[in-house]
Colleague: 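Okay, handing you the structure first.
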Amino acid sequence: MSTDMPPLSTEKGNASQLPRPQRVLACLLCQQRKVKCDRKYPCFNCIKSRAQCVPATQLSRQRKRRFPERELLERLRKYEDLLRQNNIKFEPLHNEATSGKFSSKLERPYDSDEEPPKITRASPSSDANSDRVYDSKNILDVMRQEFRDPDKDSDSSDDDVNAGEFKDAWDQAAPYTDQLLFGSRNTAVDISTLHPEPVHIFRLWQLYLENVDPLLKVTHTPSLQGQVIEAATDLSNIRPTLEALMFGIYCMSILSLEVVDCHAIFGSPKADLLTRYQFGCQQALLNCKFLGCNERDCLTALLFYMMSVRSSTTPQALSSLLGVAIRTAQRMGLDNESALIKCTPLEAELRRRLWWSLVLFDTRISELADSKTSTLTPTWNCRIPLNANDSDFRQEMKEHPQDLESCTEALFVIVRSELGNFIRHARYHLDLTSPALISLVKDVHPSPVIGGSEVDGLESMIESKYLSFCDPENPLHFMTIWTARAFIAKCRLAEQLSKVPSASTPQADVQPDFTVSCALSMLECDTKLLNSPLTNRFIWMFYLYFPFTAYIQISQKLKRRPISSQAEHAWEVMSDNYEARFSFLRQEGIPMMAPFFKIFARFVLQAWEAREASSRHTGELLTAPRIVVSIRHSMAQIAQKTESFATGPPDTGAMVGVDGFPMPTAMDFDNHGLSFCFGEDSNYPAGELGAYSNISMTAPLDFDLDQLDWSAMDWSLGNTPGSGSTGLPLPR
DNA sequence: GTGCTCGGACCTTCAAGAAA
DNA sequence: TTCTTGAAGGTCCGAGCACC
C-alpha cells in the first residue's frame, strides 16, 4: 500500500472510540490502468484523459479457510513415505519412526496426481432432495446401445445416431428460428452502439454487485468481472453470449435503482435506459440464437431480461416466455443431477442456482397468470445450491467446496431454495396443486413435535441451520431473516386454508384467529423489511411481493368481528405496513394504479365501516386508524381526478395527497406503478386464486369475491388481472 | 516523446487459529 | 482475550509497446 493512503490509527484505545476513516480507493480507471491515482475526484489522470472519474467501492473480503498445519504435515509425511518406499534419497523432516502412517495404499487418501474421488453428493443440504435420481433415457442413446458393434470399443461409429448432427441439420434447415420471438430484423442492428460508455459499464457492474447479485447469485462474479472489464475495452468484439449477459446485467442494475438515483448517476431517465438495454438484450439474445443455445450465460441473460420486463408486461405473456426458458433449462439438464455431475463443480453450481432462480420466478409468475402448471413439483432432482462463497469456487477446481454451516454470501439464495424445496414436497401444496404427485411426497423437514405441522419442521430447520448464524446488522442477513419469517408465516396461513376443501364443508380444523395471527406476522415482517435502511439496495425485490393476502385475511376478520382482542393491534399493524409500502411511491414519484387501489381500499374500508356500525349502537366515539384516513383521502382524490378528466384535459402528473401519500390517478397509470405499489399480488382479485384456486375462502373466512365487480375494471392497462395470486406460499 | 498496458513486487487489512 | 499468521484485496513501479 502506498504512503498516500490515509493513516489509520494504530492505538487500540483510539481505534475503539474513533470511527475508522473510510478507506479511499484509487478510482476505477486508475485501478484498471494500474497507475497512481491521487484519490481526488476527479483525479489527475481522469482530468488529463478527460474521462469520468468513478470512485471504486471496496469488495467484501471473502476469506479462505487456512490450510490446516496438521494436514500439511501429514501430507508431507505421506510424501516422505513414498520417497522412502521408492528408495529415493532426500532430507527427511520426519524420521522413520514417526512416518509410515500412510504406508499402505489402501489407507492413504488419493495421491496428488490421481484424479480426486468423484463427489456425487457434495452437500448435506442435498439430502432432502437428491436421493431420487430421475435419469431419463435418450431414445438415440438407447438405439446406439442396441446396435453397437460389440467388436468396437469406441463410442463413435459410422452407424451411430448423433443428436448433435440432428441439431446441426435443423439449424441449416431453419436458420431464422430465433425470430419466433423478438421479431425479425429487417435492418442490421449494431448493438455495440447500445452499450453505455465504459465508465458507465463499470458503474453498472458495481450496482449489479451491490444490488442484484447478492439476491440471485446466478453469476460467478470473480471470474465474470475480468470478462466484463475486458469487454468494456473493445465493445465491438464481445462474445455473443457474454454480450447478452452484459445487457442483462445493465437491465437488472437499472431496475434496481430508484428513479432519482438513476438520473443522478447516468443523466438519463430510468425508463429510457431500461428500454434501451432491454432492446440491446433482445438483439444480443438473437445474436446468440438463444432458442437453440445451450450456454448458461445466454439463459442467464434471458432470465435477467424477463425479470427486468416483468413490470411492463402481463403475467400471462411472461409466463409463456418463462416456459421457453424452463424448457431450454431442461434441455441443458439444469434440472437433473445426473447431467449436472458431468460439469465442473463451478459450472454445475451456477446451473443449479440458475435453475432455482428460474423455477422460483416461474412459479410466482405462473400463479399470477392463473396457470395450473407448476414447476415447483417433486418431479425433478436438482439439489439445493451449496452454501458457499464465490471465492470458494475456481474455474479449474475438480472438487466441490465444502458446504459451510455458516453465513455465506449465497445465504439469501440458499434459504430461498430451501423454502422452495419445502413447498415442492409439502403435502398441502401438492394436495392443492398436483394431487397425482402426492405419492412422491416425503418428509423433507419433519416437525420437531409429534403431530406437528409440516411448517413447524421447516421453521425449526431454517432458524437453527441458517438464521441463528445471522447478524441482523448485515443487510443481506437482515433481508434473509425477515424474508424467511414472512414466508413461513405465509406457509402457515396456506396450510390452514388448505384444510378447507370446499365452501360447503364446515371449518373443522381452521382457526380464524390463528390465520389472522399468521397474516399479521406477514405484515409485521414486511414492515420491518421496508422500514429498515439496511434493505435500500434490495427494494427492487420487494416490488414483487405485496402482502395482499394478509390484508384480505385481516380485513375479512375485522369485518366479521369488528370488536375483538386482535382488532386494535390489527389496525395498527396494517397502518404501519401501509405507510411503509406507500412511502416507496412518494420516493419514486410513481403514480399508483387506481383500479387496484380501489380494490385494496374496498377491503379495508368495509372492515372499518363494520367497526363504525357497531360503535353507533354503543355510542362509542371512534378515531379512524391512519390507514383508513389515508385511503379515504386518496379515494376522494381519485374521484376528483376522474371528474376533472371528464370535463377537461387529463393532467398526467401524479397527485400527492395532503398526508404525503401519492395519490392514485385514474388516467396516468404506469405499468411500473402496479409493481411498486401492489407487486404481483395486486392481481389477486380475479375471482380465482391462481395455483390455489381450489381453496374455498368463502365460508370459513367470510370472504365474498362476488363483492368485487371485475367486469367494471379496466384491465387493459398492462397488468391484466384475469388471474389470481393469493400471495400464498411463494418464496420471496 | 507521449501515452497506454500489464506483470508482478510490495503493502494493508483482517479473520482464522493458536497461545496465554 | 490477545497475539500471530497468512490469504486476499489493493497499489503502482517500470518495462515494453504503439503511435504520432
Side-chain angles (χ1 to χ4, degrees), chain A residues 1-76 197-199 201-203 205-206 208-210 213-214 220-238 346 387-397 399 401-411 469-471 473-477:
Chain A
M1 184 78 51
S2 93
T3 50
D4 300 340
M5 291 297 295
L8 298 178
S9 170
T10 51
E11 289 174 52
K12 282 172 199 166
N14 288 350
S16 60
Q17 286 162 11
L18 297 172
R20 185 179 278 260
Q22 184 82 39
R23 188 178 175 190
V24 183
L25 302 182
C27 76
L28 276 177
L29 196 68
C30 291
Q31 277 188 353
Q32 193 202 344
R33 286 182 176 170
K34 295 188 175 184
V35 290
K36 187 171 166 60
C37 180
D38 61 10
R39 294 186 172 80
K40 290 169 187 164
Y41 298 103
C43 74
F44 171 74
N45 285 315
C46 289
I47 292 170
K48 205 170 149 193
S49 58
R50 292 180 181 175
Q52 190 173 343
C53 192
V54 179
T57 49
Q58 209 160 2
L59 285 176
S60 61
R61 186 170 297 223
Q62 295 304 330
R63 299 186 66 81
K64 207 177 161 185
R65 224 180 126 79
R66 270 198 219 169
F67 199 77
E69 195 175 324
R70 265 186 234 105
E71 194 184 322
L72 197 64
L73 289 169
E74 278 185 4
R75 282 207 179 191
L76 189 59
E197 53 187 293
V199 77
I201 294 179
F202 298 137
R203 197 77 182 92
W205 173 251
Q206 285 292 337
Y208 172 76
L209 290 180
E210 289 166 12
D213 180 61
H220 185 242
T221 50
S223 54
L224 183 57
Q225 178 157 298
Q227 295 178 53
V228 171
I229 290 170
E230 198 183 329
T233 60
D234 184 6
L235 293 171
S236 57
N237 195 24
I238 308 176
L346 172 60
N387 188 18
N389 294 306
D390 276 358
S391 54
D392 297 328
F393 289 96
R394 293 187 192 282
Q395 277 173 326
E396 67 281 1
M397 70 196 302
E399 281 183 85
Q402 221 182 347
D403 192 42
L404 303 172
E405 288 184 7
S406 60
C407 292
T408 68
E409 57 195 38
L411 177 73
F469 296 107
C470 286
D471 168 14
E473 298 297 313
N474 176 308
L476 188 67
H477 296 189

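Letters go in sequence order (proteins before strands), and every chain restarts at 1.
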Colleague: Once rounded to the nearest 0.5 Å, what's the spacing between atom CG of A/D213 and atom CG of A/D390?
Modeller: 6.0 Å
Colleague: Tell me: CD of A/Q32 to P of C/dT11, nearest whole Å?
Modeller: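 Atom-to-atom, A/Q32 to C/dT11, this comes out as 14 Å.
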Colleague: For A/D390 and C/dA8, give me the distance from atom CG to atom C1', rounded to whole Å.
Modeller: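 These atoms are roughly 15 Å apart.
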Colleague: Would you say a side-chain N or O of A/R39 is under 4.0 Å from OP1 or OP2 of C/dT11?
Modeller: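 It does, given that an N or O in the side chain of A/R39 lies less than 4.0 Å from OP1 or OP2 of C/dT11.
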Colleague: Nearest whole angstrom, please: distance from the P of B/dG3 to the CZ of A/R33.
Modeller: 10 Å
Colleague: From CD of A/Q31 over to P of B/dC11, roughly how many Å is that when rounded to an integer?
Modeller: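 About 19 Å, once rounded to whole Å.
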Colleague: May I have the distance from A/L25 (atom CG) to B/dT13 (atom P), rounded to whole angstrom?
Modeller: 11 Å
Colleague: In whole angstrom, give the distance that lies between atom CZ of A/F44 and atom C1' of B/dG3.
Modeller: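 One finds 12 Å between C1' of B/dG3 and CZ of A/F44, rounded.
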Colleague: For the backbone of A/E409 and the side chain of A/N389, can you confirm whether one donor and one acceptor N or O come within less than 3.5 Å of each other?
Modeller: yes
Colleague: Suppose we call two aromatic rings close when their centres sit under 6.0 Å apart. Are A/Y208 and A/W205 close by that rule?
Modeller: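 Distance test on ring centres: under 6.0 Å, yes.
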Colleague: I need the CG-P distance between A/L29 and B/dC6, as an integer number of Å.
Modeller: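 After rounding, the gap between these two atoms is 13 Å.
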Colleague: Could you state the NZ-C1' distance from A/K34 to C/dG10, rounded to the nearest angstrom?
Modeller: 11 Å
Colleague: Within the distance-only criterion (no hydrogens, no angle test), does the side chain of A/N45 pair as donor or acceptor with the backbone N or O of A/C30 below 3.5 angstrom?
Modeller: no
Colleague: Report the nucleotide, chosen from C/dT11, B/dG3, B/dT5, that has the shortest atom-to-atom distance to any side-chain atom of A/K48.
Modeller: B/dG3
